[in-house]
Amino acid sequence: MNRVTRIVLPLLTVFCMVLMSSTATAENTYYRWNDDRGQPVHSDRPPPIGTDYEVVSTGSSLIRKVSGDEGAVPAETIPRVGNQFDQVDLEPEEVKKNPEYCERARKNLEALDNGTSIGLRNDKGELEPLSDEEIEAQKNKAREAIIKNC
């Protein structure tokens with residue numbers, strides 16, 4: 001091994017390791033909050049100013065809760081002064097039922113089941129009748145929404 005190779009190879013290795021670790025950090029963290037309608041939002045960018053949110057690590061069970069008054073914090077999970085994360089339980093959160101969506105899904109299923117002609121608007125705004133297969137697919141969507149929200 002010549003002298004240049006002995007110098008360049010370790011430097012290249014270190015450079016690749018640093019690049020991979022910074023990429024992994026960016027890909028394994030995200031911001032999570034609820035929007036003004038209460039719907040969960042997951043993003044690679046922080047929420048609007050004044051919104052409470054969390055910085056979540058997908059590669060571990062670390063979460064940092066951030067007050068909306070604190071502003072944007074970096075999406076990094078390296079604990080340091082001013083960037084403390086809490087260990088959290090990895091069990092999935094219970095999905096909140098939505099009575100409004102439940103009622104809408106029940107009405108949709110009822111309309112699909114009663115045999116009347118059903119149509120959806122296409123991208124031109126024209127009403128197109130659904131085929132039997134499309135009606136069955138819409139029924140399945142309504143049933144899934146009922147299970148999720150009722």
Side-chain angles (χ1 to χ4, degrees), residues 11-150:
L11 288 174
L12 185 59
T13 303
V14 169
F15 176 74
C16 288
M17 289 174 59
V18 168
L19 183 62
M20 286 173 32
S21 69
S22 66
T23 304
T25 301
E27 292 173 351
N28 291 330
T29 57
Y30 63 92
Y31 298 96
R32 177 173 65 189
W33 70 93
N34 289 333
D35 66 11
D36 54 351
R37 296 185 305 166
Q39 298 299 314
V41 177
H42 303 265
S43 176
D44 62 342
R45 298 173 191 262
I49 296 172
T51 303
D52 293 343
Y53 63 98
E54 298 172 333
V55 179
V56 181
S57 168
T58 59
S60 69
S61 58
L62 296 175
I63 290 181
R64 178 177 177 194
K65 295 184 184 226
V66 181
S67 165
D69 301 332
E70 192 173 339
V73 299
E76 65 180 17
T77 56
I78 301 168
R80 58 178 168 72
V81 176
N83 196 35
Q84 283 81 19
F85 281 77
D86 299 319
Q87 192 78 26
V88 294
D89 192 5
L90 289 178
E91 292 186 26
E93 296 178 17
E94 183 178 325
V95 176
K96 295 179 182 176
K97 304 293 183 181
N98 186 323
E100 182 182 331
Y101 291 168
C102 172
E103 183 63 27
R104 188 177 308 149
R106 288 184 192 274
K107 286 182 180 180
N108 287 346
L109 184 58
E110 182 181 326
L112 290 161
D113 278 336
N114 74 14
T116 59
S117 178
I118 306 270
L120 291 177
R121 298 216 179 266
N122 62 20
D123 52 348
K124 296 178 183 176
E126 302 165 337
L127 197 60
E128 291 184 354
L130 296 178
S131 68
D132 291 339
E133 294 83 21
E134 291 170 322
I135 289 174
E136 195 57 41
Q138 291 297 322
K139 285 181 182 180
N140 288 335
K141 282 184 180 180
R143 289 183 192 109
E144 289 172 10
I146 289 169
I147 291 169
K148 180 179 176 184
N149 293 295
C150 296

Contact between I118 and Q138 at the side-chain level, heavy atoms closer than 4.5 Å - yes or no?
no

Show me the pairs that pass ring-ring contact (aromatic ring centres under 6.0 Å, His included) and involve residues 50-75, at least two apart or across chains.
Y31-Y53

Please list all pairs passing the salt bridge (charged side-chain N to carboxylate O under 4.0 Å, His left out) test where one or both residues lie in residues 114-136, with sequence neighbours left out.
E136-R143

Determine the minimum heavy-atom distance between L109 and A142, stating which atoms define it.
CB-CB, 4.0 Å

Please report, to 0.1 Å, the donor-acceptor pairs under 3.5 Å made by any side chain of residues 38-51, with sequence neighbours excluded.
from : atom 1 : to  : atom 2 : distance (Å)
S43  : OG     : R45 : N      : 3.0
S43  : OG     : R45 : O      : 3.2
T51  : OG1    : P48 : O      : 3.1

So, using salt bridge (charged side-chain N to carboxylate O under 4.0 Å, His left out) as the criterion, who are the partners of K139 when residues are at least two apart?
D113

Minimum heavy-atom separation for K97 and K148, please, with both atom names.
CD-O, 3.2 Å

Could you give all pairs that pass the side chain to side chain donor-acceptor pair (under 3.5 Å) test and reach residues 99-109, with sequence neighbours left out?
E100-R104

Could you give all pairs that pass the disulfide (SG to SG under 2.5 Å) test and reach residues 99-128, with sequence neighbours left out?
C102-C150

